[in-house]
Amino acid sequence: MINKQVRNVAEALDGIRDGSVVMVGGFGSVGQPDAIIEGLIEQGARDLTIIANNAGAGRAGLARLLDAGRVRRIICSYPRSAGSVVFESLFQAGKLELEIVPQGTLAERIRAAGAGIPAFYTPTTVGTVLANGKEQREFNGRVHVLEEALPADVALVQAWSADRFGNCIYRESGRNFNAIMATAARLTVVQACHIAEAGTLDPEAIVTPGLFVQRIVHVPDTSFSENTETSADKGKQAA
Amino acid sequence: MINKQVRNVAEALDGIRDGSVVMVGGFGSVGQPDAIIEGLIEQGARDLTIIANNAGAGRAGLARLLDAGRVRRIICSYPRSAGSVVFESLFQAGKLELEIVPQGTLAERIRAAGAGIPAFYTPTTVGTVLANGKEQREFNGRVHVLEEALPADVALVQAWSADRFGNCIYRESGRNFNAIMATAARLTVVQACHIAEAGTLDPEAIVTPGLFVQRIVHVPDTSFSENTETSADKGKQAA
Amino acid sequence: MSSEAFTPLSRREMAARIAEDIHDGWYVNLGIGIPTLVADVLPDSKDIFLHSENGILGFGPAPDPEHIDPWLINAGKQHVTLRPGASFFHHADSFAMIRGGHLDLCILGAFEVSSAGDIANWSTSAHDAAPAVGGAMDLAVGSKRVWVATEHTTREGTPKLVEHCTYPLTAPGVVSRIYTNLAVIDVEDSRFIVRTMVPGLTREKLQNLTGAKLYFMESANA
Amino acid sequence: MSSEAFTPLSRREMAARIAEDIHDGWYVNLGIGIPTLVADVLPDSKDIFLHSENGILGFGPAPDPEHIDPWLINAGKQHVTLRPGASFFHHADSFAMIRGGHLDLCILGAFEVSSAGDIANWSTSAHDAAPAVGGAMDLAVGSKRVWVATEHTTREGTPKLVEHCTYPLTAPGVVSRIYTNLAVIDVEDSRFIVRTMVPGLTREKLQNLTGAKLYFMESANA
């Protein structure tokens with residue numbers, strides 16, 4: 001019998017090693033797997049490479065992981081935003097390596113890793129400094145750059161609902177990077193707001209089929225209990 | 001106001017030119033847009049290149065289009081099957097060009113065309129005759145071949161339900177090539193079993209967002225009224 | 001500019017001006033800044049689908065404060081609403097739409113735009129090692145049309161419409177139209193062609209506020 | 001073989017023998033032919049998810065004739081049923097699962113398998129200009145494990161397990177185990193290693209029916 005649900009966050013993160021490449025889902029505050037990011041701080045793995053759209057904001061979640069000195073390198077599209085104080089101080093102090101990747105290229109490199117595509121060409125960055133050092137090639141009269149797949153050891157994902165088989169659905173704009181990161185890691189750990197009874201998720205609406213997921217931990221959603229002011233504050237953290 | 005629904009098959013196929021590259025969705029008999037394929041025969045365009053998984057079976061649909069001499073070239077993964085008599089006689093008579101593409105490479109080339117990726121590398125075909133003449137390159141110690149995107153002028157797609165915005169959902173294994181072909185053509189024509197009231201399709205479950213679709217024609221599903229024997233006969237047409 | 005006999009458009013007026021030119025049925029992505037404001041002023045009479053990088057097609061204006069859905073934000077991290085016909089998808093599918101040429105239009109803010117249609121909107125210095133590029137480069141190369149919405153000059157009065165961009169490019173040769181607080185300007189054949197100006201503004205004044213030669217359509221006022 | 005003191009397995013018995021070895025929790029793709037029969041003999045005691053190229057994960061055995069759903073077929077175009085936890089997806093996502101290494105196992109039919117693990121199962125002649133490759137090449141290179149299910153020889157008695165394939169390859173060096181109607185054979189370090197044989201079959205007889213040298217595990221009977 002398949003039962004991918006584990007009892008707690010510690011069990012969900014068991015065995016993650018120093019030096020791991022870790023994907024962190026979410027976009028802004030939506031779909032961020034905060035509980036398992038916090039759990040990773042407790043878990044203690046060091047010298048991590050983080051793949052995420054943002055480099056954390058405020059002092060919690062990803063920012064706290066950075067602040068705890070666990071991250072050597074970060075690969076993201078939008079590191080610097082209104083609340084990214086931890087990132088900025090570490091980066092300026094030379095304590096964090098950074099790879100900037102356009103958001104669409106980041107998404108496609110992650111998708112490629114999950115799909116067994118080692119490399120692809122894209123028109124994005126051609127004629128900009130981000131194409132420096134990249135192999136370029138013309139297709140149909142247009143120059144493109146070569147980009148390689150970006151796989152990970154671990155993906156930390158937030159889903160709206162998951163079943164014991166690992167099937168996941170997301171909520172609204174919470175699908176974002178979560179659904180593709182779930183496909184691209186050797187160990188995909190899902191923080192699910194709800195656990196669905198086996199067989200109750202609509203086969204037509206499942207976004208992440210269970211074969212991509214190794215572990216699920218139930219972490220109820222708290223966003224709706226937050227007051228409007230808090231939500232609005234979060235909204236101020238720019239893209 | 002957006003209303004992509006047209007009144008009939010003729011209107012749905014208006015303007016398709018001789019020499020067009022036409023994608024035909026479906027896998028076996030499921031999800032095949034038979035009504036608009038038949039309509040294309042009436043419409044009269046010649047010298048077509050067809051992209052499809054199969055090369056038609058029996059005497060109807062795609063096979064009839066081939067039989068009518070409208071097709072110059074076919075790009076597919078599985079041309080020869082139990083019922084592919086029309087394909088075989090034309091091919092043996094030298095009246096049809098053929099490009100054989102492994103099914104996963106075919107799907108990925110179509111997806112790439114829709115996603116603005118001009119080319120990608122895949123391990124599939126390495127060490128086989130289908131890699132002959134293809135550029136090869138090593139990534140992470142493994143040899144891969146370069147494959148280019150496969151776009152089309154027209155995609156003929158069958159959906160289960162569509163709304164006037166062009167949003168589509170599919171039914172069960174009817175999603176197959178339909179959902180990716182819908183993204184890869186300049187003109188995507190959808191034969192929909194049902195027309196949904198605007199706003200009634202679940203935003204979480206829409207598979208093809210409307211921006212990929214140009215025309216929709218309502219063609220009610222008849223598969224459930226077929227008797228079991230007919231279904232079983234269709235089932236005998238091998239993969 | 002207060003001493004002049006013309007009034008620059010407010011940011012909201014710029015958004016409204018842009019909204020007028022968006023065709024019924026278009027699929028549109030709005031960048032951060034002035035472009036975002038367009039979402040709040042689109043007329044209900046048109047079916048315009050707004051795309052957001054984080055996986056929404058068909059979002060609507062900001063919600064009333066008491067109807068905020070914490071799971072529904074746009075790429076600027078602002079709360080939004082949903083319109084009939086909307087759909088959700090993941091980031092790879094979202095950028096497949098962008099890169100694949102399926103958006104009719106994206107509207108971007110800019111630090112600089114050149115008369116060749118080059119746009120610089122992501123990094124203010126070649127020496128900035130941690131600029132935030134986001135989805136701008138994909139939008140700039142992938143959309144069928146790229147319009148820019150920007151103040152005509154910086155706060156210090158430095159022209160933002162220039163002969164050659166000095167900031168790192170987002171993409172070369174992609175911008176086809178610029179909406180500023182002073183004028184609407186087409187970019188054609190490496191030339192800035194002024195379509196309209198705010199009332200009272202002179203051609204000379206506009207030229208003085210611009211870093212490249214301007215050409216004027218006959219219909220451009222003044 | 002009727003004169004021998006052993007009975008080859010029927011196709012259904014081969015399928016049942018394979019089903020025994022599929023682990024609880026595996027994600028498995030079944031090729032056309034004998035592999036397809038495995039779907040009908042999987043024990044309910046295991047959660048095994050069957051993948052079909054045309055966009056199903058979690059299909060079940062063939063339906064009763066009166067419960068056929070015309071929209072639900074597997075890659076062999078046969079009507080199937082759905083198990084709890086199943087999901088649907090499109091062809092690009094389906095082959096992303098295959099190529100991306102997410103399937104624990106695929107079971108393929110074969111014309112020939114070599115002791116190096118090469119498999120030929122799609123074309124019977126280098127001169128066949130219209131062979132039907134389908135998804136076999138993607139499955140062969142993408143799956144974590146590739147098992148072959150085949151009769152031990154052709155109907156004419158020609159060995160299908162050979163030193164070098166003569167038919168065009170589907171993929172080189174990918175097969176790790178072969179289930180025939182006579183034996184179960186591992187492919188390791190370019191050698192055929194016999195794990196088990198049907199009762200009454202001798203090592204010599206099996207070697208005579210095989211086109212490459214066989215090695216035998218001690219536990220292989222006879």
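Both backbone and side-chain heavy atoms feed into the values below; hydrogens, waters and symmetry mates do not. A, B, ... follow the sequence lines: proteins, then strands. Residue 1 opens every chain.
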One option among B/Leu146, B/Asn140, B/Asp202 has the most heavy-atom pairs under 4.5 Å with chain A, and it is B/Leu146
Select one option (side chain, backbone, both, neither) describing which atoms of A/Arg137 are under 4.5 Å from chain B's heavy atoms. side chain
Under a 4.5 Å heavy-atom cut-off, does chain A meet the side chain of B/Arg175, its backbone, both or neither? side chain
Nearest 0.5 Å, what's the CD-CD distance between A/Glu204 and B/Glu204? 15.0 Å
Part of A/Glu147 within contact of chain B (heavy atom distance under 4.5 Å): neither
Region of A/Ile206 that comes under 4.5 Å of a non-hydrogen atom in chain B: neither
Scored by heavy-atom pairs under 4.5 Å with chain A, the best of B/Ala205, B/Gly116, B/Ala119 is B/Ala119
For atom CD of B/Glu138, decide whether the heavy atoms of other residues, nucleotides or ligands shown that lie under 6.0 angstrom number more than 12. yes
For chain B, the option from A/Glu148, A/Arg171, A/His144 that forms the most heavy-atom pairs under 4.5 Å: A/His144
What distance separates B/Ile117 CD1 from A/Ile117 CD1, expressed to the nearest 0.5 Å? 10.5 Å
Under 6.0 Å from the CZ atom of B/Arg17, do we count more than 12 heavy atoms belonging to anything else shown? no
Please determine, among A/Pro203, A/Ala115, A/Gly104, A/Pro118, the option with the most heavy-atom pairs under 4.5 Å with chain B. A/Pro118
Under 4.5 Å heavy-atom distance to chain B, tell me which part of A/Tyr121 shows up: side chain, backbone, both or neither. both
